[in-house]
2 protein chains.
Amino acid sequence: MRARQTRTAVLGALSIQPMTGYALREAIRETLGHFWSESFGQIYPTLAELEQEGLVERRGGTRTGSSAFALTSAGRAHLRTLLAEPPQADPPRNGVLLRLFFGRALGPEACAELVQDARDRAERQLAGLATERTDTDHTEHADDSPYWLLTISAGEHAARATIAWADEALATLATLAADGHGHDGEPPTSTKETP
Amino acid sequence: MRARQTRTAVLGALSIQPMTGYALREAIRETLGHFWSESFGQIYPTLAELEQEGLVERRGGTRTGSSAFALTSAGRAHLRTLLAEPPQADPPRNGVLLRLFFGRALGPEACAELVQDARDRAERQLAGLATERTDTDHTEHADDSPYWLLTISAGEHAARATIAWADEALATLATLAADGHGHDGEPPTSTKETP
DNA sequence: TGACTCATGTAAGGCGTTACATGATTTT
DNA sequence: AAAATCATGTAACGCCTTACATGAGTCA
């Protein structure tokens, strides 16, 4: 069986603040974005379910007249239950490492590009997390912010680890390339020696 | 659209060595396990597809009489194409961080358990990677091993980052707990001062 | 012989994304 | 008035896992 953690994310987000489905998605993208994601196709059916079970209710209204969803007390209790359940780790799938593992067929240069891209992404993420960190420092939710900072810190550690690894890997790949390992099937380039 | 990277994993694994479907799964679990996973339900249909497209072929036979799958030259070419395609990163979903983000409703102690579990997992992974590393050093596939070591190194960096983060997080959570933040709804414990 | 491993598949179903459809409200 | 954004959904489809079904060979 797979995740079923969408409810946790939705109830959790609504526990911070009542929101419309649309705002919920934005909040998940922007605030949980570095470790979680949900799509409309998940959010709306889940909200409908939760409403029928009496875990959330509509409260009018935003400026447009549409209604925001808020946790009921049953919903708040259910959230605590869900949070206490052991986290389901979905099986690892890292496309970069998959390619790198078979990197011999690709050649050191193409692999280096792959690694450099990963490094760039990590660098951008680090920058994004820095902004989030200052945002969190200025938030009004003082009781929540220590926990939020924990998740930001996790992202930062992971990103810095990626960068450090990438630098090592790029060095390794450079020496591989210099030693004349072309991609699979290519004859070694004859390094002409100076007379 | 989602992954479609099963073919890459299957063709890649067969590029190292011809195998039966069963052995393929074992190989993916044991060797790619720390960054990739496939289930039987994916592997066999994929093998059937690839065979029909002439990218792999059956060659007899293991000791049991059943036949191993091997790459054709078309298959080898196709693998290079697939490897050159940009890696699809599937959206992040970290159950631990999801729970931690809403950790206020859970309380510092329960959160600390969560983090400690994550730390333990990382520690075990680090140990596993150490064995893999020595295995890889002794492999006959000298041309492949530099790339394999790159993926192992990535895992080690990630695991060490998790451990470092966990230690920080545990310290933070300890002070939160000491400051008397029980879980959501619980009154703060009155710390009696010594006269 | 019975239990275990190797080996190959199929079926059902959950999870999740993308694309489509629709309309109100706000901004330019 | 047109464009952009906010807002709510549905439908189709793909990916992937789990469980089931089956059988051959191996070892105690």
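Residue numbers start from 1 in every chain, and the chains themselves are labelled A, B, ... in the order their sequence lines are given, proteins ahead of strands.
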(message) Quick one about A:Glu168 and B:His157 (side-chain donor to acceptor, distance below 3.5 Å, no hydrogens or angles considered), yes or no?
(response) yes

(request) Drop me the distance from B:Leu100's CG to A:Ser153's OG, to the nearest 0.5 angstrom. (result) 10.0 Å

(message) Nearest whole Å is fine: how far is C:dG14 P from A:Gln88 CD?
(response) 15 Å

(message) Can you tell me which nucleotide in D:dC15, C:dT8, D:dT8 comes closest to the side chain of B:Tyr44?
(response) C:dT8

(request) Indicate, with a heavy-atom threshold strictly under 4.0 Å, whether A:Gly21 touches base, sugar-phosphate, or nothing. (result) sugar-phosphate

(message) Any base atoms under 4.0 Å from B:Thr46, or only sugar-phosphate, or nothing? Heavy atoms, all strands.
(response) nothing

(request) Examine the side chains of B:His78 and B:Glu53 and answer whether a donor and an acceptor come within less than 3.5 Å of each other. (result) no

(message) Between B:Arg93 and A:Glu38, does any side-chain N to carboxylate O distance fall below 4.0 Å?
(response) yes

(message) With a 4.0 Å limit, can you tell me whether A:Ser37 has a side-chain N or O closer than that to the phosphate oxygens OP1/OP2 of C:dT17?
(response) yes

(message) Please confirm whether the shortest side-chain N or O distance from B:Arg4 to OP1 or OP2 of D:dC15 is below 4.0 Å.
(response) yes

(request) Specify the separation, in whole Å, of atom CZ of B:Phe40 and atom P of D:dA21. (result) 17 Å

(message) Just N and O in the side chain of A:Ser39: are any of them under 4.0 Å from OP1 or OP2 of C:dG16?
(response) no

(request) Determine: side-chain N/O of B:Tyr22 to OP1/OP2 of C:dT8, distance under 4.0 Å, yes or no. (result) no

(message) In this structure, how many angstroms lie between the C1' atom of D:dT18 and the CG atom of A:Asp90, rounded?
(response) 16 Å

(request) Look at B:Thr6 and D:dC16 and indicate whether a side-chain polar atom (N or O) is within less than 4.0 Å of OP1 or OP2. (result) yes

(message) Any base atoms under 4.0 Å from B:Arg58, or only sugar-phosphate, or nothing? Heavy atoms, all strands.
(response) sugar-phosphate

(request) Kindly point out which of D:dT17, D:dA7, C:dT10 is positioned nearest to the side chain of B:Pro45? (result) C:dT10

(message) Does D:dC16 have its OP1 or OP2 closer than 4.0 Å to a side-chain nitrogen or oxygen of A:Arg93?
(response) yes

